[in-house]
Amino acid sequence: TDTFTPTGALATARMGHSATLLDDGRVLVAGGTNTLLPDYLAFLFGNALSTEIWDPNTGTFSAGPNLDNGAKMFHTATRLNNGNILFAGGFSITFISGFGVAEITNRMSVYDQQTNSFIANPFRIGGRPRAAHSAVLLDDGRVLLAGGASQPVETAPTTRGVDVYDPVVDNGAAVADMSRSRGMFPMFKLNDGRVVALGGVIGDFTNTGATNRIDIYDPVLDTWTDTMGITDMLSTPRAASSGIRLSTGRILVIGGQDGNDTPQLSAELFLQ
């Protein structure tokens, strides 16, 4: 009908959360923060441990299980081949002697749809700490976790670092670094199993800037290729853009901020 229809409200206000489609058509909403204060560190202390599940049949949210590895915002949520959902990284809070300390985390959580619970594993570590990164499910069932902000949380510099999560061993390991540091960028699997990373924040999250460069990862060779001089770059540098893979295989990249932090109305198509 080309219209929007109101639905039930979340129990907890959130930003920087994730929303993941479940097998039965419901949606799992997880983490985020419900406090936005002038001080950068202060709003991290509003991070939500909770999850909620939206039911399209009733249009309502019900409480889900709490995240088992600390509150997270600007994390990634990736559906695995077995139906479980991997939550990785994010801005988080660690409580030490009763005091909350803001951090960028490498902790991971795995949600089991069948039991509606998180699978405990104290040894599950996702490589390097990262937040506002990107994640893609590879053809072999592993999850590629690339870029994002890294420690210290006060400046959150972007990273070139890349890790993969292997569901067989339920742990993460480092692979080849990207050609350049970037965060808040869309990343997609291509038809041939390679992965493309498009634009993103460069530098750190206090003085963002943006890039128009494209990196392509080959999981067989474990190499990244900067497409400078090979294929076209994005016509406009874009940080914090959105993207979606179309049914044609093309990738639509929308909006974001350019190198001067100016919001963009334009969009571009990446052709495979």
Nearest 0.5 Å please: distance from the NE2 atom of H133 over to the CG atom of D163.
9.5 Å
Measuring only between side-chain heavy atoms, which start at C-beta, is K72 closer than 4.5 Å to N69?
yes
Test item: P129 and T105 side chains (from C-beta on) under 4.5 Å apart, heavy atoms
no
List the steps and the verdict of side-chain contact (heavy atoms from CB on, under 4.5 Å) for F188 and Q272.
CA-CA 11 Å; F188 296 93; Q272 297 195 43; over 6 Å; no
Minimum side-chain heavy-atom gap Y111-L22 below 4.5 Å:
yes
D139 vs R194, test: salt bridge (charged side-chain N to carboxylate O under 4.0 Å, His left out). Steps then yes/no.
CA-CA 9 Å; D139 283 344; R194 295 181 301 160; over 6 Å; no
Parallel, tilted or perpendicular: rings of H75 and F87 (30°, 60°):
tilted
Let me confirm one number: the CG-OH distance from L144 to Y165, rounded to the nearest 0.5 Å.
14.5 Å
Co-membership, hydrophobic cluster, residues V164 and V136, 4.5 Å side-chain
yes
Smallest separation among heavy atoms of P237 and G259, with atom names:
CB-N, 4.1 Å
So does D226 pair up with R180, basic N to acidic O under 4.0 Å?
yes
Determine, using the 4.5 Å side-chain heavy-atom cutoff (strictly less than), whether F270 and I244 are members of one ILVMFWY cluster.
no
Are T60 and T58 linked by a side-chain donor-acceptor pair shorter than 3.5 Å?
yes
Compare every heavy atom of L145 with every heavy atom of A88, then report the nearest pair and how far apart it is.
CB-CD2, 3.9 Å
Consider only side-chain N and O atoms of S62 and E52, and report whether a donor and an acceptor are under 3.5 Å apart.
no
Check L138 against P219 and note the closest heavy-atom contact, atom names and distance.
CD1-CB, 4.3 Å
Going by distance alone, is a donor N or O of one side chain under 3.5 Å from an acceptor N or O of the other, for N81 and R142?
no
Roughly how far, to the nearest 0.5 Å, is the CZ atom of R128 from the CG atom of D177?
5.0 Å
Report yes if the side chains of D55 and F61 come closer than 4.5 Å at any heavy-atom pair, otherwise no.
no
Going by an N to O cut-off under 4.0 Å, is there a salt bridge joining D68 and R107?
no
Spell out, as yes or no, whether a donor-acceptor pair under 3.5 Å connects the side chain of S92 to the backbone of A71.
yes
Compare every heavy atom of A156 with every heavy atom of A149, then report the nearest pair and how far apart it is.
CB-CB, 3.7 Å
I'd like to know if D258 and R238 make a salt bridge, using a cut-off of under 4.0 Å between side-chain N and carboxylate O.
no
Linked, directly or transitively: I251 and I216 (ILVMFWY side chains, under 4.5 Å):
yes
Please check: side-chain N/O of T225 versus main-chain N/O of T227, any donor-acceptor pairing under 3.5 Å?
no
Any idea which heavy atoms bring V143 and A135 closest together, and the distance?
CG1-CB, 4.1 Å
Strictly distance-based, threshold 3.5 Å: is any side-chain N or O of Q257 a donor or acceptor partner for the main-chain N or O of Q264?
no
Is there a path of hydrophobic side-chain contacts, each under 4.5 Å between heavy atoms of I, L, V, M, F, W or Y residues, that connects V153 with M73?
yes
Closer than 3.5 angstrom, by distance alone: can the side chain of N171 be matched with the main-chain N or O of F123 as a donor-acceptor pair?
yes
Heavy atoms only: give me the nearest M108-I125 pair and the separation to one decimal.
SD-C, 4.3 Å
Would you say that P65 contacts T51 through its side chain, given a criterion of any heavy-atom pair below 4.5 Å between the two side chains?
yes
Step-by-step side chain to side chain donor-acceptor pair (under 3.5 Å) determination, S179 to D215
CA-CA 7 Å; S179 303; D215 243 353; 2.8 Å; yes
Run the side-chain contact (heavy atoms from CB on, under 4.5 Å) check on V162 and W224 step by step: do they pass?
CA-CA 10 Å; V162 183; W224 289 87; 3.8 Å; yes
Report the distance from atom CZ of R79 to atom CG of N84, rounding to the nearest 0.5 Å.
9.0 Å
Give a yes or no on whether the backbone of R26 and the side-chain of W54 come within a donor-acceptor separation of less than 3.5 Å.
no
Looking at T236, is its backbone amide N or carbonyl O close enough to the side chain of E268 to form a donor-acceptor pair, meaning the two atoms are under 3.5 Å apart?
yes
Other residues, nucleotides and ligands only: do more than 12 of their heavy atoms fall within 6.0 Å of CD1 on I119?
yes
Report the C-alpha separation of T78 and T76 in whole Å, then their side-chain angles, then the decisive distance to 0.1 Å, and conclude whether the side chain to side chain donor-acceptor pair (under 3.5 Å) test is met.
CA-CA 6 Å; T78 307; T76 52; 4.7 Å; no
Between the side chain of T158 and the main-chain N/O of G203, is any donor-acceptor distance below 3.5 Å?
yes
Could you walk me through whether T7 and T5 pass the side-chain contact (heavy atoms from CB on, under 4.5 Å) check?
CA-CA 6 Å; T7 189; T5 303; over 6 Å; no
Under a single-linkage definition using a 4.5 Å side-chain heavy-atom cutoff for Ile, Leu, Val, Met, Phe, Trp and Tyr, are L198 and L246 assigned to the same hydrophobic cluster?
no
Nearest-0.5 Å distance, OG1 of residue T20 to CD1 of residue I85:
4.5 Å
Less than 4.5 Å apart, side chain to side chain, heavy atoms only: is that true for L67 and F118?
yes
CG of L234 to CZ of F185: how many Å apart, nearest 0.5 Å?
12.5 Å
So, do V29 and R14 sit near enough that their side-chain heavy atoms are less than 4.5 Å apart?
yes
Taking D166 for its side chain and V168 for its backbone only, find out whether a donor-acceptor pair lies under 3.5 Å.
yes
Side chains of L190 and V195 in contact at under 4.5 Å (non-hydrogen atoms)
no
Between R124 and D170, is there a salt bridge with N-O shorter than 4.0 Å?
yes
Y217 vs V175, side-chain contact (heavy atoms from CB on, under 4.5 Å): CA-CA, chis, key distance, verdict:
CA-CA 10 Å; Y217 178 69; V175 293; 3.9 Å; yes
